[in-house]
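Every value quoted in this text rests on a predicted model; they were computed, and no experiment measured them. Below, read A as the first sequence line, B as the second, and so on, with proteins coming before strands; counting in each chain starts at 1. Values reported hereafter were calculated over all heavy atoms of this structure, with side chains retained and with hydrogens, waters and symmetry mates removed.
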2 protein chains.
Amino acid sequence: MKSTAAISALGALAQEHRLAVFRKLVQSGESGMAAGALAEALGIPASSLSFHLAQLRHAGLILHQRRHRSLIYRANYPAMNALLGYLTENCCAGAPCDNDAACVPMEQERQSA
Amino acid sequence: MKSTAAISALGALAQEHRLAVFRKLVQSGESGMAAGALAEALGIPASSLSFHLAQLRHAGLILHQRRHRSLIYRANYPAMNALLGYLTENCCAGAPCDNDAACVPMEQERQSA
DNA sequence: CGCTTAATTCGACATCTCTCGAAATGTCGT
DNA sequence: ACGACATTTCGAGAGATGTCGAATTAAGCG
């Protein structure tokens with residue numbers, strides 16, 4: 001990961017609403033959440049949320065796909081892993097995690113069914 | 001770590017010059033670097049650098065102490081660990097590193113003597 | 001096609017951020 | 001105390017970011 005990409009990703013997460021959105025998407029796992037559902041859950045006006053989703057998307061931290069009339073957003077786990085990797089390699093002493101567990105979707109949500 | 005602290009830390013790192021400063025301080029290990037040395041190494045005017053150092057300091061990511069006429073800055077490793085911990089816990093699936101290695105100073109710089 | 005729902009884009013505004021020279025502050029050597 | 005050095009604070013301007021209602025685009029249903 002290049003430092004410009006890291007800066008984009010850090011900047012995308014460095015905002016109250018966007019961090020909340022990203023956390024929510026991580027919690028919702030692979031199935032993700034529709035924009036409207038996010039807006040209601042977080043109490044953010046649709047147009048404001050749309051702005052923040054675009055920022056997260058440009059930073060590569062989230063992905064979206066259309067399902068019927070809704071746009072479903074979900075966390076891009078590999079991107080988050082790359083950010084964590086960048087930070088541990090470049091901003092720590094290079095003594096990070098050597099297991100490859102890292103950043104994976106929260107499966108427990110899905111397997112509850 | 002609270003999410004407000006995480007946002008401060010993320011915001012502090014989400015800037016070209018500040019990320020460069022922090023990386024430089026990580027590289028320089030426990031001994032740190034003086035503000036002037038940083039300014040010269042990174043080609044940033046003193047007053048601009050001072051502004052960025054203040055941001056990093058307010059975010060808790062760096063520490064400083066006076067040595068003779070210079071102010072020596074150094075990375076606050078525990079703060080960086082806390083940020084990494086926050087991100088792996090809240091923005092990943094809670095399957096982070098379970099070893100406690102994490103973020104430690106780059107000792108190889110010092111032990112070269 | 002026309003209607004409804006879902007979401008984005010536009011536009012205008014307020015606010016925060018970054019930059020950097022000049023002035024002020026703090027520290028040391030003599 | 002004075003001069004020189006290291007750094008910060010001040011101040012003003014340019015530019016980026018966040019907000020959100022209104023208008024627009026897109027998808028599905030009858």
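Contact record, A:Cys92 with B:Met80: SG-CG, 3.8 Å, taken as the closest heavy-atom pair.
When the P atom of D:dC20 is taken as reference, atom CD1 of A:Ile44 falls 9 Å away, rounded to whole Å. Here D:dT17 presents its P atom at 12 Å from NE2 of A:His58, a figure rounded to the nearest Å. One can place CG of B:Leu19 at 16 Å from C1' of C:dC18, the figure rounded to the nearest angstrom. The nearest whole Å value for the distance from the CZ atom in B:Phe51 to the P atom in C:dA22 is 20 Å. When the P atom of D:dT25 is taken as reference, atom CZ of A:Arg69 falls 19 Å away, rounded to whole Å. For the pair A:Glu16 CD and C:dC16 C1', the computed distance is 15 Å after rounding to whole Å. C:dC18 atom C1' lies 13 Å from atom CG of B:Leu49, rounded to whole Å. Across the protein-nucleic acid pair, A:His52 atom NE2 and C:dT8 atom P stand 13 Å apart, rounded to whole Å.
Not a single donor-acceptor contact under 3.5 angstrom links the side-chain atoms of B:Arg66 to the base of C:dT27. With hydrogens and angles ignored, no donor-acceptor pair under 3.5 angstrom links the side chain of A:Ser48 to the base of D:dG18.
Distances shown here put a side-chain N or O of B:Arg18 below 4.0 Å from the OP1 or OP2 atom of C:dC18. For A:Ser70 and C:dT5, the shortest distance from a side-chain N or O to OP1 or OP2 is not below 4.0 Å. At the phosphate of D:dC29, neither OP1 nor OP2 sits under 4.0 Å from any side-chain N or O atom of A:His68. Between C:dT8 and A:Ser50, a contact under 4.0 Å exists linking OP1 or OP2 to a side-chain N or O.
Between atom CG of residue B:Leu10 and atom CD of residue A:Gln15 there is a gap of 11.5 Å, rounded to the nearest 0.5 Å. Atom CE of residue B:Met33 and atom OG of residue B:Ser70 lie 11.0 Å apart, to the nearest 0.5 angstrom.
Closest-nucleotide positions on DNA chain C for A:Tyr73 and B:Gln15 were compared, and the one nearer the 5' end corresponds to A:Tyr73. Position along DNA chain D of the nearest nucleotide to A:Gly11 versus B:Leu53 favours B:Leu53 as the more 5'-ward residue.
Within 4.0 Å of B:Ala35, counting heavy atoms only, lie sugar-phosphate atoms of the nucleic acid but no base atom. Across all strands, A:Ser47 comes closer than 4.0 Å to base atoms (heavy-atom distances). Note on A:Ala34: only backbone sugar-phosphate atoms sit closer than 4.0 angstrom, heavy atoms only; bases stay farther off.
Note: the hydrophobic cluster containing B:Leu25 does not contain B:Ile72 (ILVMFWY, side chain heavy atoms under 4.5 Å, direct or indirect links).
The side chain of B:His17 lies closest to C:dT19, out of D:dC20, C:dT19, C:dC18.
In this pair, A:His64 and A:Tyr73 present their aromatic rings parallel. The plane angle is below 30°, not in the 30 to 60° band.
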